[in-house]
Student: 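The structure that follows is given in the form of structure tokens.
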Amino acid sequence: MPSNRLKKQDKAVYAALQGEEKRQRIGLEMIASENYVSQAVLEALGTVFTNKYSEGYPGKRYYGGQEYTDVIETLSIERAKKLFGAEHANVQPLSGAMANIAAYAALLEPGDTILGMDLSHGGHLTHGHPVTFMSKVFRFVRYKTEADGTIDYRKLEALAMKEKPKLLLAGFSSYTRQLDYEKFAKIGKKVGAITMMDMAHIAGLVAAKALPSPVPHFDVVTLTTHKSLRGPRGGMILCRKPFAAAIDKAVFPGIQGGPHMNIIAAKAVAFGEALRPEFRRYGKQVLKNAKALEKFFRAKKALVLFGGTENHMLMLDTVASYGLSGKEAEARLDAVGITVNKNMIPDDPRGPMDPSGIRVGVPALTTRGMKEAEVKKIAEIMQAALAGAGSKQELLKLQKEVARLCKKFPINH
Ligand code: DSN
């Protein structure tokens, strides 16, 4: 809860904070990349570590007064390595985008080729979308998914043989199937490419051992700490030892300045939580909840993309399923207190601001303690909102059901 000091000193900020706190409390968060951090993580974020400049790394800083920041960053690194069985961890990236950019900077020269997944097929902006600055620095080539939602690894291999990428990139922000890590590693080896996986979305599921880990298969693995991993907003890079020095140098001084030590403290707390047995149960439940969602929408004959889900999220073609654009579907669900995001579907004929689908995820619902029965109930509400006429009265009735469910499953971990 916000402190009294903020309430007295800055009413405008306090009012917005209260509004957001309430929005999160009385609504269902189904944006696949969002979650609720624990009270302990929140506390670590709001600490005096934010006052400190700590350019450099533990034991090698450019400013004095680092006895406690060194403890925090070392703890965060050691916990991260233990959690993912990694040889090296850099916990300073401020976000997933910065982690990816730093990895490119460490591994490549300008003009080098990166082979990554197409955005509309589940990839990510930072994997080479033409609107990004990185696309001006490196030559990105994109692979796509097949009509059944899988990746054809023979085609991927042929593309890699033709394009000779220096970096073969796996990972996604809206792809719902499991990648074959061994095949990526084999193709990388065959064409002499460094292999990198961006596991931002599934990092928590990997930490919980609910999904296989890409860490043993890839040279470099980037991630964000705030999605399924349920930590503070930020990024991280894991890598094999031979890449460690280049990665550290690329993060600082290559790309970033002073690390945000309060966030690194919160990362340490979150990794500590993820090392506990409860987190394993959480990860398994996330997968079960996503499957329950898929089962429901399949039974309703909605068009579930990529052939279903093997992780924490689902992609629905809302134009084909409900005659609603992604933007319209997002607005309908917003009106009943369910937050999702509109999303491009493979080779979407519509634009990114009003695409053909929505992406729906269950990590935040699962943090509230919801299981398959509640997910089914939520899916029924979603179905009623999307398939109904969308009248104000109808949506208000559904919103009340959402509020009741939220009350029964408060955010209190
Ligand atoms: N914006 C994130 C997501 O929603 O997946 C990816 O960076």
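Each ligand, and each atom within it, is numbered from 1 in the order the structure gives.
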Student: Taking E273 first and then R276, would you say they form a salt bridge - that is, a charged N and a carboxylate O separated by under 4.0 Å?
Tutor: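 A salt bridge is absent here (no side-chain N lies under 4.0 Å from a carboxylate O).
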Student: Tell me whether K284 at atom NZ has more than 12 heavy atoms from other residues, nucleotides or ligands lying less than 6.0 Å away.
Tutor: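 Yes, enclosed.
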Student: Quick one: are T367 and H413 in side-chain contact, heavy atoms under 4.5 Å?
Tutor: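 In contact.
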Student: For ligand 1, which atoms, with element, lie under 4.0 Å from some heavy atom of H201?
Tutor: 3 (C), 5 (O)
Student: Considering only protein heavy atoms, which is closest to atom 2 (C) of ligand 1, and at what distance to one decimal place?
Tutor: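 Among all protein heavy atoms, the one nearest atom 2 (C) of ligand 1 is K227 CE, 3.9 Å.
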Student: Please classify the H226 to ligand 1 contact at 4.0 Å (heavy-atom distances, strictly less than): side chain, backbone, both or neither.
Tutor: neither
Student: Can you name the atoms of ligand 1, numbered from 1 with element, that are less than 4.0 Å from a heavy atom of H124?
Tutor: 6 (C), 7 (O)
Student: Once the angle between the rings of Y104 and F140 is folded into 0 to 90°, is it parallel (under 30°), tilted (30 to 60°) or perpendicular (over 60°)?
Tutor: perpendicular
Student: Angle class for the F279/Y282 ring planes (parallel below 30°, perpendicular above 60°, tilted otherwise)?
Tutor: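 If you compare the ring of F279 with that of Y282, the planes turn out tilted.
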Student: Look at atom 5 (O) of ligand 1 and say whether a protein heavy atom is found at less than 4.0 angstrom from it.
Tutor: yes
Student: Please report the C-alpha distance between Y57 and Y62 in whole Å, then the side-chain angles of each, then the deciding distance to 0.1 Å, and finally whether the ring-ring contact (aromatic ring centres under 6.0 Å, His included) criterion is met.
Tutor: CA-CA 9 Å; Y57 291 98; Y62 288 84; 9.6 Å; no
Student: Looking only at heavy atoms of E34, does any of them come nearer than 4.0 Å to an atom of ligand 1?
Tutor: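 Contact absent.
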Student: For atom 3 (C) of ligand 1, what's the nearest protein heavy atom and its distance?
Tutor: S33 OG, 3.3 Å
